[in-house]
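Throughout, numbering of the chain's residues begins at 1 and tracks the sequence. In each ligand, atom 1 is the first atom listed, and ligand 1 is the first ligand listed. A quick note: this is a predicted structure, and the numbers were derived from the prediction, not measured.
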Amino acid sequence: MLEELITPGVIRKLYAWESDLLTAHFLRLDPEARHCRFAAGVSDETVMAYAGRALGPDAVVHGFLVEGVMRGAAELRLMPGRTGEVAVTVEDAWRLTGIGSALFGRLLLTARNRGLTGLVMTCLSSNRGMQRLAARFDGTITTASGDSFATVTARPATPLSFWREVVADSASATASVIDRQIGLLRDGAAAVRGPLAEG
Ligand SMILES: CC(C)(COP(=O)(O)OP(=O)(O)OC[C@H]1O[C@@H](n2cnc3c(N)ncnc32)[C@H](O)[C@@H]1OP(=O)(O)O)[C@@H](O)C(=O)NCCC(=O)NCCS
């Protein structure tokens, strides 16, 4: 299932050299979201160190970007066997508009095209958002020791699924250039207005 975005912004794969975007996104997460994604009391330094290593060869990370700023992430990390570990984060002001689902849909397509058969997400058992999101993809939830584990099945790749990934990546490449330009135009307009407003 590929979910359409209903908010301005673009979903695309991150390049290995774009860990700064991921770091800034993680550091903007509210304390509760940081707790859900990492653990209670994780320091900025630990988050930065993790983000700096997160775009390695064992991972594919999709970002949701608005005017060049990353507001959501879906991380897929390859595990032994044909499974992948998944984490999804969306900044507070962008939640409940389908971005988490859209990110997960793109990640799932990537996973099936890489031959993975199952995805696992771990979250606190109180995390209704992650559990609802997994349910949208027919995920099964199990609970142990206060944590919930959502397992989502990835169907086998087909010529159509490969084609859909290629089309999605091509459309995203164009959309992200336009998205970045909108951000630069806004910054430029603000820089011009600034001195005028002061004068
Ligand atoms: C979990 C998270 C990624 C969901 O992102 P999102 O963009 O709000 O997700 P969507 O808008 O696509 O919503 C998906 C479903 O979850 C539901 N949902 C989202 N947040 C919810 C919440 N706090 N409580 C109850 N349901 C919630 C939505 O209503 C929707 O349900 P539906 O299928 O019935 O319509 C986001 O809340 C988040 O980043 N949380 C903090 C980090 C985190 O916990 N990550 C998971 C551990 S890695």
Query raised in the report: For the residue pair F26 and Y50, does the interplanar ring angle fall in the parallel (under 30°), tilted (30 to 60°) or perpendicular (over 60°) class?
Result: tilted

Query raised in the report: How long is the span from the CZ atom in R112 to the CZ atom in R164, to the nearest 0.5 Å?
Result: 6.5 Å

Report task. Enumerate the atoms of ligand 1 whose separation from the nearest heavy atom of T97 is less than 4.0 angstrom. Result -> 11 (O)

Requested in this report: Starting from atom 29 (O) of ligand 1, locate the nearest protein heavy atom and write down its residue, its atom name and how far away it is, to 0.1 Å.
Outcome: L96 CD2, 3.8 Å

Query raised in the report: Going by the order shown, which atoms of ligand 1 are within less than 4.0 Å of some heavy atom of C36?
Result: 43 (C), 44 (O), 47 (C)

Please table the atom pairs, donor to acceptor, closer than 3.5 Å between any side-chain atom in residues 58-68 and protein atoms at least two apart or in another chain.
unit_1 : atom_1 : unit_2 : atom_2 : d
E67    : OE1    : R186   : NE     : 3.1
E67    : OE2    : R186   : NE     : 2.6
E67    : OE2    : R186   : NH2    : 3.1

Requested in this report: Output the rest of the hydrophobic cluster of V166: all Ile, Leu, Val, Met, Phe, Trp and Tyr residues reachable through side-chain heavy-atom contacts under 4.5 Å, sorted by chain and number.
Outcome: none

Requested in this report: May I ask you to test the M70-T23 pair for a side-chain heavy-atom distance under 4.5 Å?
Outcome: no

Requested in this report: Please identify which atoms of ligand 1 are closer than 4.0 Å to at least one heavy atom of G98.
Outcome: 10 (P), 11 (O), 12 (O)

Query - Which residue and heavy atom of the protein sit nearest atom 14 (C) of ligand 1, plus the separation - result: S101 OG, 3.5 Å

Requested in this report: Taking atom types as modelled, find out whether R155 and S161 have a side-chain donor-acceptor pair closer than 3.5 angstrom.
Outcome: no

Report summary line: atom 45 (N) of ligand 1 sits nearest the protein heavy atom V88 O, 2.8 Å

Report task. Answer yes if a protein heavy atom lies under 4.0 Å from atom 2 (C) of ligand 1, otherwise answer no. Result -> no

**Report entry** atom 27 (C) of ligand 1 - nearest protein heavy atom and its distance
**Finding:** G129 CA, 3.5 Å

Query raised in the report: Heavy-atom distance to atom 24 (N) of ligand 1: which of M130, R128, R136 wins?
Result: R128

**Report entry** For atom 7 (O) of ligand 1, the protein heavy atom that lies nearest, with its residue and separation
**Finding:** G100 N, 2.8 Å

Report task. Could you find the nearest protein heavy atom to atom 38 (C) of ligand 1 and give me its residue, atom name and distance? Result -> R95 NE, 3.5 Å

Query raised in the report: If two hydrophobic side chains count as joined below 4.5 Å and joins carry through other members, does F149 share a cluster with V152?
Result: no

**Report entry** Main-chain N/O of S125 paired to Q131 side chain as donor or acceptor, under 3.5 Å
**Finding:** yes

Query - Nitrogen or oxygen atoms of C123 and ligand 1 under 3.5 Å apart - result: no

**Report entry** Minimum side-chain heavy-atom gap T151-L119 below 4.5 Å
**Finding:** no

**Report entry** A87: numbered ligand 1 atoms lying under 4.0 Å from its heavy atoms
**Finding:** 48 (S)

Query raised in the report: So if you build clusters from Ile, Leu, Val, Met, Phe, Trp, Tyr with side-chain heavy-atom gaps below 4.5 Å, do F137 and M130 land together?
Result: yes

Query raised in the report: Hey, does N127 come in under 3.5 Å of ligand 1, counting only N/O atoms on both sides?
Result: yes

Requested in this report: From atom 15 (C) of ligand 1, work out which of R132, E91, H35, E75 has a heavy atom at the shortest distance.
Outcome: R132

